[in-house]
Asks: 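One structure, pasted below without further comment.
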Amino acid sequence: MNLIQAILMGIVQGLSEFLPISSSAHLVFTSNFYKVLKGIEIVQQSNEEVFFDIMVHLGTLIAVLIYFRKDVVRILKAMVIALKTKDWSDKDAKLGLFIALGTVVTVCLALPINEVAEKLVYTPSLVGILLFITGFVLLGSEYMSKHFVAKRENVDLKTSILIGLAQGLAALPGFSRSGWTIATGLFFGLDRVTAASYSFLLSIPIILGASMVYPLVKIDIHEALQYNWPAIIIGTVVSAITGYVCIKYFMKFISKFSLAIFGYYCLIMGLITAVFFSIYG
């Protein structure tokens, strides 16, 4: 891990975590394309590379918390009051409950497929195929939302469970977390802004959990002391700044335009990378 690679991957993570184009896929592509250019064999990631992936995700978590800070505080306050009064009728308390439920559903699905997801990291051509599928999902959700589904602004119990399942499935690199969760919201009647906002809020517990659990379980302290910490820290800061800017402008974009452009991007990018790494992987 060097500084240039860290900055590049921080930018990629900050952009692709919130755009519906799969941050995990783009980190896989960027890392492995860099290795191809340098003549390095595509093999299992080092512990430092895996830890860096976690840290740049933490950077984007910081971006979400800053951008949605008022929503997060309001939801937490409403949940505390609901726990005390046993009254969950407040819409913010319900939203917090749905986020918690969606997170549990995500974990229940993501854990069994985690081993498969980790192996896919070393097969970027397959990740490209999954990104190609994500393109069809985005285009399909836009078509359904436009022609067949009535719009609403509130998440309900059924939708929270389905979006949680979509987020769990997106543990597979190439299945965009934001893409699949927003698309699921559109399939089941949410408007674009509500679907995007809920998707980003739902990402908070998962990214926070992964950022805390992985270092405690798998990182050796003595080995970690040898990591290139300046590069890791700079990459994390870059991902946070890039992520915040991306959220800000993506929310403006999605309020006016469809996800079709991202769907076509995933189709093209998925096809190109599948072919490229089939040849050079």
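We number each residue from 1, following the sequence as shown.
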Asks: What I'd like to find out is whether the side chain of M251 reaches to under 4.5 Å of the side chain of S197, using heavy atoms alone.
Replies: yes
Asks: Tell me if a side-chain donor or acceptor on T184 pairs with a main-chain N or O of I163 at a distance below 3.5 Å.
Replies: no
Asks: With a 4.5 Å limit on heavy-atom distance, are the side chains of L120 and L172 in contact?
Replies: yes
Asks: Quick one: list whatever passes ring pair (Phe, Tyr, Trp, His ring centres under 6.0 Å) with W229, sequence neighbours left out.
Replies: F51
Asks: Of all residues at least two apart in sequence or in a different chain, which pass the salt bridge (Lys or Arg N to Asp or Glu O under 4.0 Å) check with E142?
Replies: R192
Asks: Would V121 and V50 count as a side-chain contact (heavy atoms from CB on, under 4.5 Å) if you check the C-alpha gap in whole Å, the side-chain angles of each, and the deciding distance to 0.1 Å?
Replies: CA-CA 10 Å; V121 171; V50 175; over 6 Å; no
Asks: Write down the atom of S176, the atom of L19, and the distance for their closest heavy-atom approach.
Replies: OG-O, 4.2 Å
Asks: Taking the six-membered ring for Trp, are F200 and Y67 closer than 6.0 Å centroid to centroid?
Replies: no
Asks: Suppose we screen for side chain to side chain contact (heavy atoms under 4.5 Å, CB included). Which residues come up paired with F132, at least two apart in sequence or across chains?
Replies: F136, L267, L271
Asks: Apply the hydrophobic cluster definition, ILVMFWY joined by side-chain contacts under 4.5 Å directly or through others, and give me every member besides Y249.
Replies: V245
Asks: Is I206 close to R177 at the side-chain level, that is, under 4.5 Å between some pair of heavy atoms?
Replies: no
Asks: May I ask you to decide if K252's main-chain N or O and S255's side chain share a donor-acceptor pair within less than 3.5 Å?
Replies: yes
Asks: Should T103 and L202 count as side-chain neighbours, where that means a heavy-atom distance under 4.5 Å?
Replies: yes
Asks: Apply side-chain contact (heavy atoms from CB on, under 4.5 Å) to the pair I75 and F68, showing each step before the final yes or no.
Replies: CA-CA 11 Å; I75 290 169; F68 288 101; over 6 Å; no
Asks: Within the side chain of S141, is there an N or O that forms a donor-acceptor pair under 3.5 Å with the backbone of F187?
Replies: no
Asks: Please identify each residue that fulfils ring pair (Phe, Tyr, Trp, His ring centres under 6.0 Å) with Y264, with sequence neighbours left out.
Replies: none
Asks: Would you compute the distance between atom SG of C266 and atom CG of L131 and round it to the nearest 0.5 angstrom?
Replies: 4.5 Å
Asks: Are more than 12 heavy atoms from other residues, nucleotides or ligands located less than 6.0 Å from atom NZ of K146?
Replies: no
Asks: May I ask you to check whether over 12 heavy atoms, not counting those of I4, lie within 6.0 Å of atom CD1?
Replies: no
Asks: Does atom CG of L3 have more than 12 heavy-atom neighbours, drawn from other residues, nucleotides or ligands, at distances under 6.0 Å?
Replies: yes
Asks: Is a side-chain donor or acceptor of S125 paired with a backbone partner of S278 at a separation under 3.5 angstrom?
Replies: no
Asks: Supply the atom-to-atom distance M9 CE to I232 CD1, rounded to the nearest 0.5 angstrom.
Replies: 11.5 Å
Asks: Tell me every residue that passes salt bridge (Lys or Arg N to Asp or Glu O under 4.0 Å) with K91, counting only those two or more places apart in sequence or in another chain.
Replies: none
Asks: Nearest heavy-atom pair of S22 and P173: which atoms, and what distance?
Replies: OG-C, 4.3 Å
Asks: Measuring from atom OG of S203 to atom CG of L208, what distance do you get when rounded to the nearest 0.5 angstrom?
Replies: 10.5 Å
Asks: Of all residues at least two apart in sequence or in a different chain, which pass the side chain to side chain contact (heavy atoms under 4.5 Å, CB included) check with F98?
Replies: K94, V155, L157, S160, Y198
Asks: Sequence neighbours left out, what passes ring pair (Phe, Tyr, Trp, His ring centres under 6.0 Å) with F188? Give chain and number order.
Replies: none
Asks: What residues form a side-chain hydrogen bond (donor to acceptor under 3.5 Å, both in side chains) with T60, not counting sequence neighbours?
Replies: Q13
Asks: Could you tell me which non-hydrogen atom of S199 sits nearest to which non-hydrogen atom of S178, and how far apart they are?
Replies: OG-CA, 3.7 Å
Asks: Name all residues meeting the ring pair (Phe, Tyr, Trp, His ring centres under 6.0 Å) criterion together with F29; count only those two or more places apart in sequence or in a different chain, and write none if there are none.
Replies: H26
Asks: Between V237 and I241, is any pair of side-chain heavy atoms under 4.5 Å apart?
Replies: yes
Asks: Kindly write out the residues that satisfy salt bridge (Lys or Arg N to Asp or Glu O under 4.0 Å) with R152, not counting sequence neighbours, or none if the list is empty.
Replies: D156
Asks: For a 4.5 angstrom cut-off between non-hydrogen side-chain atoms, does N228 reach Q5?
Replies: no
Asks: For residues 154-186, which residue pairs qualify under ring pair (Phe, Tyr, Trp, His ring centres under 6.0 Å), counting only residues two or more places apart or in two chains?
Replies: F175-W180
Asks: Flag yes if L201 and I247 sit in one hydrophobic cluster, no otherwise; membership is Ile, Leu, Val, Met, Phe, Trp, Tyr, and two members link when side-chain heavy atoms are under 4.5 Å apart.
Replies: yes
Asks: With a 4.5 Å cut-off on side-chain heavy atoms, are F250 and P20 touching?
Replies: yes
Asks: Would you find more than 12 non-hydrogen atoms of other residues, nucleotides or ligands less than 6.0 Å from H222 atom NE2?
Replies: no
Asks: Is any side-chain heavy atom of L126 closer than 4.5 Å to a side-chain heavy atom of I129?
Replies: yes
Asks: Donor-acceptor check, side chain of T242 to backbone of S239, threshold 3.5 angstrom: yes or no?
Replies: no
